[in-house]
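Just so you know, these numbers use all the heavy atoms, side chains as well, and skip hydrogens, waters and symmetry mates. Predicted model only: the values in this text are computed from it and were never measured.
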Amino acid sequence: MLLAAGASTRMGQPKQLLPYQGRTLLRRAAETALAAGCQPVVIVTGALHAELVKEVAGLPVQLVHNAVWEAGMGTSIGVGVKAVEDAAPEAAAVLVLLSDQPLITPELLRQLMTAWQQSGLPVATGYADSVGVPAVFGRPVWPQLLALPAAAGAKPLLQRLGDELGVVSFAPAATDVDTPEQYAALLNQPES
């Protein structure tokens, strides 16, 4: 589940459509999920729908619009979980990622899925002395995702899980593009 519903108010322009290394942040995130073997890839849109549909044209992804995206990320997570459930009723887990973490790799996503398969526990990414997404949530945790407060993302749930949470460390996940300054810093990083 790729969350891309926000209006990018701090950025001042749609961050999902910002170019980075020849692709937009949204297309890069979708291709990363596909390269990791995620199926189905559900993209949750909100403020921009038609523009994002065009941006991922040709990719084997499903877009679902969150009509109440302005209420917060928790609503997008709920819409995404329901869409994954509808698209893949047999799915045992959902991997949640964002379109504005451009340094996420297919290898990291595969490590998260492997850690979940081995432990059965939700597995988050560890970075910047914290835990966050990308994260994998097994079906037993989906009711908690669906019950998130509208304005909350997954982080409060991850923090509440404590010892019931696996962690895969990946420092580059701390690179997140919310402001023009963060985008400029991303563009000034040496390519890996």
Could you go step by step and tell me if Gln101 and Val133 meet the side chain to side chain contact (heavy atoms under 4.5 Å, CB included) rule? CA-CA 9 Å; Gln101 288 177 300; Val133 296; 4.0 Å; yes
Note: Ala36 and Leu109 closest approach over all heavy atoms is CB-CB, 3.6 Å
Over all heavy atoms of both residues, which pair between Thr32 and Pro106 is shortest? Give the atoms and the distance, please. CG2-N, 3.5 Å
Would Arg28 and Glu31 pass as an ion pair if we require N to O under 4.0 Å? no
Distance in Å, Leu25 CG paired with Leu18 CG, rounded so as to fall on 0.5 Å steps: 5.5 Å
Ring pair (Phe, Tyr, Trp, His ring centres under 6.0 Å) contacts in which one or both residues fall within residues 121-180, not counting sequence neighbours: none
Establish whether Leu59 and Val64 are linked, either directly or via other cluster members, by ILVMFWY side-chain heavy-atom contacts under 4.5 Å. no
Verify same cluster id: Leu108, Leu158 (apolar side-chain graph, 4.5 Å): no
Ala33 versus Val41, closest heavy-atom pair with distance: CB-CG2, 4.0 Å
As an exercise, state the distance from CG of Leu2 to CD of Gln62, rounded to the nearest 0.5 Å. 12.5 Å
What verdict does the side chain to side chain contact (heavy atoms under 4.5 Å, CB included) test give for Leu63 and Val56, after you've listed the backbone C-alpha separation in whole Å, the side-chain angles of each residue and the deciding distance to 0.1 Å? CA-CA 9 Å; Leu63 286 94; Val56 293; 3.6 Å; yes
Between the side chains of Glu55 and Thr24, is a donor N or O closer than 3.5 angstrom to an acceptor N or O? yes
Just by distance, do the side chain of Arg27 and the backbone of Leu17 share a donor-acceptor pair under 3.5 Å? no
Kindly say whether Met11 contributes a backbone atom to a donor-acceptor pair with the side chain of Ser8 at under 3.5 angstrom? no
Only pairs under 3.5 Å count here: list side-chain donor-acceptor contacts from residues 67-96, not counting sequence neighbours, and write none if there are none.
residue: Thr75; atom: OG1; partner: Asn66; partner atom: ND2; Å: 2.8
residue: Thr75; atom: OG1; partner: Val68; partner atom: O; Å: 3.4
residue: Thr75; atom: OG1; partner: Gly72; partner atom: O; Å: 2.6
residue: Ser76; atom: OG; partner: Asn66; partner atom: ND2; Å: 3.0
residue: Glu85; atom: OE2; partner: Arg139; partner atom: NH1; Å: 3.2

Out of curiosity, Ile43 CD1 to His49 NE2, how far, rounded to the nearest 0.5 Å? 10.0 Å
Do Leu98 and Leu157 belong together in a cluster built from hydrophobic side chains that touch within less than 4.5 Å? yes
Within one Ile-Leu-Val-Met-Phe-Trp-Tyr cluster: Leu34 and Ile104, side-chain cutoff 4.5 Å: yes
Does any part of the side chain of Thr105, heavy atoms only, come nearer than 4.5 Å to the side chain of Arg110, both counted from C-beta? no
Residues Val131, Leu165; criterion side chain to side chain contact (heavy atoms under 4.5 Å, CB included); working and verdict: CA-CA 10 Å; Val131 293; Leu165 178 69; 4.1 Å; yes
Side-chain heavy atoms of Val136 within contact of Pro122, under 4.5 Å: no
Just how far is it from atom CD of Gln118 to atom CE of Met113, taken to the nearest 0.5 Å? 12.5 Å
So which heavy atom on Thr125 is nearest to which on Pro134, and how close? OG1-O, 2.6 Å
Euclidean distance, Gln159 CD relative to Ser130 OG, rounded to 0.5 Å: 5.5 Å
Of all the heavy-atom pairs spanning Leu97 and Ala29, show the shortest one and how long it is. CD1-O, 4.1 Å
Go through the steps for Tyr183 and Asn188 under the test side chain to side chain contact (heavy atoms under 4.5 Å, CB included), then give the verdict. CA-CA 9 Å; Tyr183 182 51; Asn188 288 322; over 6 Å; no
Quick check: closest heavy atoms across Leu52 and Ala4, and the distance to 0.1 Å? CD1-O, 3.4 Å
Distance-only, no hydrogens or angles: does the Glu51 side chain make a donor-acceptor pair with backbone N or O of Leu48 under 3.5 Å? no
Say whether, by atom type as modelled, one donor and one acceptor occur between the side chain of Gln16 and the main chain of Leu26 under 3.5 angstrom. no
Once you round to the nearest 0.5 Å, how far does CG of Leu121 lie from CH2 of Trp116? 11.0 Å
Is it possible for you to say whether Leu103 and Val168 belong to one hydrophobic cluster, with membership spreading through side-chain heavy-atom contacts below 4.5 Å? no
